[in-house]
Number of protein chains: 2
Amino acid sequence: MLLSKSCVYALRASLYLASKNENGYIPIREMSEKLDISFHFLTKILQQLTSEGMLESYKGPNGGVRLTRSGEEISLMEVVLAIDGDYMLTECAFGLPGCGVMKPCPIHEKWAETRDNIKYMLESTSLTELSKKGKEFNLRMTADGGFNDI
Amino acid sequence: MLLSKSCVYALRASLYLASKNENGYIPIREMSEKLDISFHFLTKILQQLTSEGMLESYKGPNGGVRLTRSGEEISLMEVVLAIDGDYMLTECAFGLPGCGVMKPCPIHEKWAETRDNIKYMLESTSLTELSKKGKEFNLRMTADGGFNDI
DNA sequence: ATGATTTAAGAGTATCTTATCCTAATATAC
DNA sequence: GTATATTAGGATAAGATACTCTTAAATCAT
Ligand code: FES
Ligand code: FES
């Protein structure tokens, strides 16, 4: 799989936050229920995003998490880097050490091109862009629910 | 990671076989040593390729495995499908069920494009193409060894 | 102050992937 | 036939990823 499951959960949750253009904090419990993701697991993942500075959190009643910047400024890449790291973008497709530094492997040229393509897609897509599209076409965020159910 | 480790081992081994344009069987032990892959693990992986019909095997002295068709006709995609299945090419990037069948998720459009790109790269690259390039430029197949060491 | 709500943090469990080991089964060479 | 080389296949272990549970800390409402 391209992205880890944790990373996908992080993306869906970030998208959820970006779609709420309120300024308040959103409880993780609410997100976990709407997005159908285990509450405790999601909590851990969002803690990572918080410690990376992408989210800020607040405890107690009316607490929760929110984006530190506008969803317009946050790319999917930022979320992926925070959770999965840059592994996908720097490692050799053959698993050999030092891609781009040492002598390339036979698949390097082709892989570098494909990788750039993936990279560009993640970098050029913002949370707001997906959120807008989701709202407009009522795209689904869960196994069966549409965007406007959340 | 895009491809599983098993799949990467399978690709490297297939490439090794394609680079030997002899008609005889190549022992797995030889491959495992040259490519620096655990013998027993590699054996299991190649058994899968054999049962998929991509390789044929022969037991006993002078036994081993060989490609059933010319390396020219075998694409990287074929190896990937045999080991990792079509998961990467059919599943939703958000992990939701029924990508392409049910209502799309917000990232579907972008992901489908990226996925097509990956697919095209794997389909349009043959074992022989990489093998030729590997020989010509002495590209590396192991952590430190060049193609012409194998 | 007390109790309710919510995130933080860490330990514990399950499941999947990767790797190792051992025993068969098959083929060759002598 | 006996010894040797080699793949086939199952059982098990180690490691990583995914998930669960419990307790602590912060904040608010009364
Ligand atoms: S060295 Fe293998 S992909 Fe770059
Ligand atoms: S439905 Fe999510 S990528 Fe196709």
Side-chain angles (χ1 to χ4, degrees), chain A residues 1-13 16-17 24-68 80 82-85 87-88 91 94-95, chain B residues 1-13 16-17 24-68 80 82-85 87-88 91 94-95:
Chain A
M1 206 166 10
L2 188 65
L3 304 172
S4 73
K5 233 167 164 184
S6 296
C7 188
V8 168
Y9 289 162
L11 283 169
R12 290 208 284 141
Y16 184 92
L17 291 172
Y25 292 97
I26 312 276
I28 301 178
R29 174 74 64 182
E30 173 189 326
M31 277 193 275
S32 79
E33 280 166 4
K34 290 285 182 63
L35 297 175
D36 202 27
I37 300 171
S38 147
F39 167 69
H40 286 104
F41 195 39
L42 183 58
T43 296
K44 287 220 174 310
I45 295 165
L46 297 188
Q47 270 169 29
Q48 251 180 287
L49 294 182
T50 302
S51 77
E52 297 278 342
M54 205 189 95
L55 302 183
E56 54 193 346
S57 67
Y58 202 76
K59 290 176 186 171
N62 305 316
V65 296
R66 70 179 175 201
L67 299 172
T68 48
V80 171
I83 303 296
D84 279 353
Y87 189 88
M88 183 182 56
E91 291 302 296
F94 272 7
Chain B
M1 202 166 15
L2 187 68
L3 305 171
S4 72
K5 227 165 168 186
S6 297
C7 188
V8 168
Y9 289 163
L11 283 170
R12 290 208 284 141
Y16 184 92
L17 290 173
Y25 292 96
I26 312 277
I28 301 178
R29 174 74 65 183
E30 173 188 327
M31 276 194 274
S32 80
E33 280 165 4
K34 291 285 182 63
L35 297 175
D36 201 27
I37 300 171
S38 146
F39 167 69
H40 286 104
F41 195 40
L42 183 57
T43 296
K44 285 215 178 312
I45 295 166
L46 297 188
Q47 271 169 30
Q48 251 180 287
L49 294 183
T50 303
S51 77
E52 297 278 340
M54 206 190 94
L55 302 182
E56 53 194 345
S57 67
Y58 202 77
K59 289 175 185 172
N62 307 315
V65 296
R66 69 180 175 200
L67 299 172
T68 49
V80 172
I83 303 295
D84 279 352
Y87 189 87
M88 182 181 56
E91 291 302 297
F94 273 6

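In what follows, chains are A, B, ... by sequence order, proteins preceding strands, each numbered from 1.
Rounded to an integer number of Å, the gap from A:I28 CD1 to D:dT20 P is 15 Å. Rounded to an integer number of Å, the gap from B:E52 CD to D:dA8 C1' is 16 Å. Protein atom CG of B:D84 is 11 Å distant from nucleotide atom C1' of C:dT17, rounded to whole Å. Rounded to whole angstrom, the span from the NZ atom of B:K5 across to the P atom of D:dG15 amounts to 12 Å. Atom-to-atom, CZ of A:R66 to C1' of C:dT6 comes out at 15 Å; the value is rounded to the nearest Å. One atom, CD of A:E30, and another, P of C:dT5, lie 16 Å apart when rounded to the nearest Å. With rounding to whole Å, B:I37 atom CD1 is found 16 Å from C:dT17 atom C1'.
Put simply, the side chain of A:M54 reaches to within 4.5 Å of the side chain of A:L67, judged on heavy atoms.
Remark: A:Y25 is not in phosphate contact with D:dT27, judged by side-chain N or O atoms under 4.0 Å from OP1 or OP2. Remark: A:S6 is in phosphate contact with D:dA18, judged by side-chain N or O atoms under 4.0 Å from OP1 or OP2. For B:S57, a side-chain nitrogen or oxygen approaches OP1 or OP2 of D:dA8 to under 4.0 Å. The side chain of A:Y9 places an N or O atom within less than 4.0 Å of a non-bridging phosphate oxygen (OP1 or OP2) of D:dC19.
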Contact state string [nucleotides 20-30 of chain C, B base, S sugar-phosphate only, - no protein heavy atom under 4.0 Å]:
BBB---BBBS-
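Using cut-offs of 30° and 60° for the angle between ring planes, the A:Y9 and A:F41 rings count as perpendicular.
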